[in-house]
There are 2 protein chains.
Amino acid sequence: MKISDALLDDTELAARLRLAVTRLARRLRQQTAGEVSQSQVSALASVERLGPLTLGELAAVERVQPPSMTRIIAALEEAGLVERTVDERDRRIARVKTTVAGQRFLERSRSRKNAYLAARVRTMSVEDRAVLARAATLLEQLLEGEE
Amino acid sequence: MKISDALLDDTELAARLRLAVTRLARRLRQQTAGEVSQSQVSALASVERLGPLTLGELAAVERVQPPSMTRIIAALEEAGLVERTVDERDRRIARVKTTVAGQRFLERSRSRKNAYLAARVRTMSVEDRAVLARAATLLEQLLEGEE
DNA sequence: TATTGTTATACTCTATAACTATA
DNA sequence: TATAGTTATAGAGTATAACAATA
């Protein structure tokens with residue numbers, strides 16, 4: 001088997017991806033800038049990206065259990081980054097949307113909390129950045145596409 | 001600014017990468033097959049890849065604090081996946097290497113615990129896989145490259 | 001009864017601080 | 001005194017189970 005084949009082997013590629021992604025995620029978790037956790041930022045970004053969502057929908061999107069999302073949203077609400085509104089027709093349902101402060105926070109995140117990764121990316125060639133950009137898209141699709 | 005430029009912007013790319021990586025890592029953590037945690041598998045893989053290492057070296061490679069590595073290695077040792085040996089000349093130093101069982105475990109990991117990712121990768125085109133393979137390499141370098 | 005979300009509780013992982021033993 | 005590693009303890013973050021409110 002040639003090296004070029006080995007590099008594209010499903011299992012090998014999956015293993016390498018998993019290690020790389022897991023390590024980088026741990027590193028980024030340590031980078032945790034400020035009082036807002038990774039999960040909270042991720043949820044906040046989903047709310048911004050997908051618009052007003054119910055807690056259940058958010059939990060599904062973020063792949064966490066409902067009680068976890070309750071806590072995440074409670075923290076974001078306390079920080080003034082999201083706003084909850086009860087559905088008028090079905091008062092069991094709560095919808096979440098970003099506040100202006102939440103949107104500003106995300107903007108700052110993109111230029112400040114990602115400084116670590118951005119600094120690393122900045123040292124890369126345009127070609128390498130293009131690869132990472134395409135990979136990011138693929139990883140997004142990979143997660144969206146399931147079941 | 002053209003879309004193609006935006007895609008290669010340091011900050012935007014970093015933000016997208018972070019979200020994608022964080023989400024995938026969380027998804028993979030849930031996939032946690034069996035009694036061996038992500039961190040343990042990651043450490044075990046490093047031991048296999050880099051050969052016999054001291055606990056301190058391992059902690060540095062894995063970007064965790066020494067007490068965390070102590071616990072990780074204790075768990076791996078209890079599971080019979082690694083073996084510790086005390087340095088004869090300096091009895092403060094403990095070195096860790098994989099056992100046969102540890103190597104077998106990693107082999108199984110690659111074909112079983114990564115099933116989720118591998119299944120997703122399998123649906124991708126050869127071109128997309130090549131992108132992910134290159135991205136994996138870049139992410140590895142990104143982490144290795146820091147001081 | 002079924003569904004949406006919450007509260008209570010416990011577990012896992014990691015960190016910091018204090019300690020042991022070796023040098 | 002300095003260093004390698006461990007033990008003690010605490011803090012996030014998440015999960016499962018039991019519950020409350022609404023339909």
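Letters A, B, ... mirror the listed sequences (proteins, then strands); counts begin at 1. Every heavy atom of this structure was used, including side-chain atoms; hydrogens, water molecules and symmetry mates were not. Since the model is a prediction, treat every value here as computed from it, not as a measurement.
- With hydrogens and angles left out, the side-chain atoms of A:Gln103 and A:Thr98 include a donor and acceptor closer than 3.5 Å.
- The distance between atom CD of B:Glu57 and atom P of D:dT3, rounded to the nearest whole Å, is 16 Å.
- Here the C1' atom of nucleotide D:dG5 and the CE atom of B:Met69 are 12 Å apart, to the nearest Å.
- Here the P atom of nucleotide D:dA4 and the CZ atom of B:Arg95 are 11 Å apart, to the nearest Å.
- Atom CG in B:Leu55 sits about 14 Å away from atom C1' in C:dA21, given to the nearest Å.
- In this entry the distance linking CZ of A:Arg91 with C1' of D:dA20 reads 14 Å, nearest Å.
- Looking only at distances, a side-chain donor or acceptor of A:Thr99 sits under 3.5 Å from a matching main-chain atom of A:Gly80.
- Residue A:Arg89 is in sugar-phosphate contact alone, with no base atom involved, counting any heavy-atom pair closer than 4.0 Å across all strands shown.
- In terms of position on DNA chain C, the residue among B:Ser39 and A:Ile93 whose nearest nucleotide sits closer to the 5' end is A:Ile93.
- As a whole-Å value, the separation of B:Arg92 CZ from C:dT22 P is 10 Å.
- Here the side chains of A:Arg71 and A:Ser68 are not in contact, with every heavy-atom distance at 4.5 Å or above.
- Every residue meeting the side chain to side chain contact (heavy atoms under 4.5 Å, CB included) condition with B:Ala43, not counting sequence neighbours, appears here in chain and number order: B:Glu62, B:Met69, B:Ile72, B:Leu76.
- Looking at residues 70-87 of chain A, you'll see A:Thr70, A:Arg84 sit with a heavy atom under 4.0 Å from some atom of DNA chain C.
- For A:Ser68, no side-chain nitrogen or oxygen approaches OP1 or OP2 of D:dG13 to under 4.0 Å.
- Put simply, A:Gln38 has no side-chain N or O that comes within less than 4.0 Å of OP1 or OP2 on D:dG13.
- For A:Ser125, the side chain to side chain contact (heavy atoms under 4.5 Å, CB included) partners two or more places apart in sequence, or in a different chain, are A:Glu127, A:Asp128.
- For A:Arg49, the CZ atom is densely surrounded, since the number of other residues' heavy atoms within 6.0 Å is greater than 12.
- Here the C1' atom of nucleotide D:dA20 and the CG atom of A:Asp90 are 15 Å apart, to the nearest Å.
- Taking a cutoff of 4.0 Å between a charged side-chain nitrogen and a carboxylate oxygen, A:Arg89 and A:Asp87 do not qualify as a salt bridge.
- Atom CD of A:Gln65 is separated from atom C1' of C:dT9 by 16 Å (rounded to the nearest Å).
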